[in-house]
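Notes for the one structure printed next.
Computed over heavy atoms, backbone and side chain alike; hydrogens, waters and symmetry mates excluded. Remember, it's 1-based here, ligands and their atoms both numbered in the order they're listed. Heads up: numbering here begins at 1 and tracks the sequence.
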Amino acid sequence: MKHFEANFDGLVGPTHNYAGLSFGNVASLNNAAQVANPKAAAKQGLQKAKALADMGMVQGMLAPQERPDLHTLRRIGFNGTDKEVLQKAAEQAPAVLRACCSASSMWTANAATVSPSADTHDGRVHFTPANLVDKLHRSIEPQTTGNILKAIFSDSRYFVHHQHLPEHSSFGDEGAANHTRLCQEYGHAGVEVFVYGQEATNPQAIKPKKFPARQTLEASQAIARLHRLDEDNTVFIQQNPEVIDQGVFHNDVIAVGNRNVLFHHEQAFVDTKAKLAEIRAKLEGDIHFIEVPTAKVSIQDAVKSYLFNTQLLSMSDGKMVIIAPTDCAENPAVKAYLDELLTLDTPIQKVEYFDVKQSMQNGGGPACLRLRVAMNDAELTAINQHVLLNDNLFTRLNAWVDKHYRDRLLPADLADPQLIVESRTALDELTQIMKLGSVYQFQR
Ligand SMILES: N=C(N)NCCC[C@H](NC(=O)CCC(=O)O)C(=O)O
């Protein structure tokens, strides 16, 4: 039985745009109202995913969500034809319309938290879609995310799907972005590390002062219970509030783990020494904590370059490669650090750079764009095979993007009723390409 970690990248949707929706995410605020290129965004994402497939990784694609989300606009009282709903929302509630049009589901690190079958009591892979309650434009994702995950991982012998957590700030949950599974082998029981920004129900607990803590301890604990994880294979760590206040809005902006490597900034966590010791105690065997000092890479450089929003992949020879955005190569301090890292005696032996600038300009790097599912070949055989990115699907999806996507979109364009027709036509065709069935409200 082979075990490996598959990546499921979010396909960037036709309404990708820079709407300045994410307070606390400095890129989102700095690039608000820039001209977006949805076509380029989708093709950059496909390019990166295909490169990993060509490297021998198991790589899948997750479909975008229906945007503009007319179901939500109707739910909050806009009525009439689709065109009238859109026009009234544009006139009366432009900020809400922008939140109902975001392609933010592309960042599938926020789609769900996934516990592999080697870690769970019942030996099945557990999924809990993230409720993403901290941001309006993300809070409308979980229902459809759950539908899409169930359509792909549909075999209940191998996969369990939980409902997203209660939609209240006490249970703010941002999914796999704040969850890292460490292990010696993907198929052996590992340690699941949950990083949270605040203990919401404890008024005395420390928390960020300037930007929101989007993940709560209460949510992380609930996921660990739902996924039936043992005490001795879970660790809960608080994110350092001071880095959240400098733009680290998810843990995957300041740390990334793979197998027995945790690559993190020295300022990432509260109580670092004790927490790393706890991980070491719970995960038998050799473990590499690669701590990047502020003297080499400042928090500001980490947030600008996304050094830690990189993918750490294990190649067949056991060596690891870092998948980094080109922004890392363009930042002198970060580039110097990465060059030095390759000379150190760690499992990380190679760096590959990819241009994902359309996503980066909204605060999403290579690691945001993917959801990791450690699985074995029996579980892989049981999923919908039409989402797996091979040459044929890559060619078809690029042609699909060329046919349906605009190469220029501004927030003001979201009021164009033609965009509804373009998006629905595209998504309807996509569900046929990927054999997803009717996962969208407009198809029901
Ligand atoms: N780090 C991880 N895992 N994901 C990145 C998510 C970026 C996303 N940006 C946005 O939603 C910006 C949308 C806009 O402003 O148009 C967010 O803040 O939720």
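Listed by number with element, the atoms of ligand 1 under 4.0 Å from a non-hydrogen atom of H137 are 10 (C), 11 (O), 13 (C). Atoms of ligand 1 found under 4.0 Å from any heavy atom of C368, numbered from 1 in the order shown, are 1 (N), 2 (C), 3 (N), 4 (N), 5 (C). Every atom of ligand 1 is numbered from 1 in the order shown, and the set under 4.0 Å from a heavy atom of G20 is 14 (C), 15 (O), 16 (O). Interface of R214 with ligand 1, defined as ligand atoms under 4.0 Å from a residue heavy atom, comprises 17 (C), 18 (O), 19 (O). Short contacts between ligand 1 and H250, defined as distances under 4.0 Å to a heavy atom of the residue, involve ligand atoms 1 (N), 2 (C), 3 (N), 4 (N). With ligand atoms numbered from 1 in the order given, ligand 1 contributes 16 (O) to contacts under 4.0 Å with heavy atoms of N17. The distance from ligand 1 to the heavy atoms of A177 drops below 4.0 Å at these ligand atoms: 3 (N). Near G363, meaning under 4.0 Å from one of its heavy atoms, ligand 1 places the atoms 5 (C), 7 (C).
H227 and H126 have tilted rings, their planes meeting at an angle from 30° to 60° on a 0 to 90° scale. The aromatic rings of Y18 and H16 sit perpendicular to each other, their planes meeting at more than 60°, with 30° as the lower class boundary.
Although no hydrogens or angles enter the test, the distance criterion places no donor-acceptor pair under 3.5 Å between the side chain of S423 and the main chain of I420.
For the salt bridge (charged side-chain N to carboxylate O under 4.0 Å, His left out) with E174, the qualifying choice from R214, K135, R138 is R214, the only one to do so.
Between Y18 and ligand 1, no N or O atom pair is found at a separation short of 3.5 Å. Between S102 and ligand 1, not a single N/O pair is under 3.5 Å apart. In terms of polar-atom proximity, defined here as any N/O pair under 3.5 Å, W107 makes no such contact with ligand 1.
Of the protein's heavy atoms, D252 OD2, 2.7 Å lies nearest to atom 3 (N) of ligand 1. Here the heavy atom of the protein found nearest to atom 16 (O) of ligand 1 is A19 N, 3.0 Å. Closest protein heavy atom to atom 18 (O) of ligand 1: S22 OG, 2.7 Å. Scanning the protein for heavy atoms near atom 14 (C) of ligand 1, the closest one is N362 OD1, 3.3 Å. In terms of protein heavy-atom proximity, atom 4 (N) of ligand 1 is nearest to N110 OD1, 2.9 Å.
Looking at N25 against ligand 1, only its side chain comes within 4.0 Å, counting heavy atoms. When heavy-atom distances to ligand 1 are checked against a 4.0 Å cut-off, R98 has no atom that comes that close, whether in backbone or side chain.
Taking the six-membered ring wherever Trp is involved, the centroid distance between the rings of F263 and H265 does not fall below 6.0 Å.
Distance CZ/R98 to OG1/T15: 13.5 Å, rounded to 0.5 Å. The line from CD1 of I322 to OH of Y353 is 8.5 Å long, rounded to the nearest 0.5 Å. Distance check: T128 OG1 to R225 CZ gives 11.5 Å after rounding to the nearest 0.5 Å.
Every heavy atom of K135 sits 4.0 Å or more from the atoms of ligand 1.
Residues K296 and Y337 have side chains in contact (heavy-atom distance under 4.5 Å, counting atoms from C-beta outward). Side-chain atoms of T216 and E199, non-hydrogen and from C-beta on, never get closer than 4.5 Å to each other.
Other residues, nucleotides and ligands contribute at most 12 non-hydrogen atoms within 6.0 Å of the CD atom of Q300.
In this structure, K275 fails the cation-pi test against F269, since its NZ or CZ atom is not both closer than 6.0 Å to the six-membered ring centre and inside 45 degrees of the ring normal.
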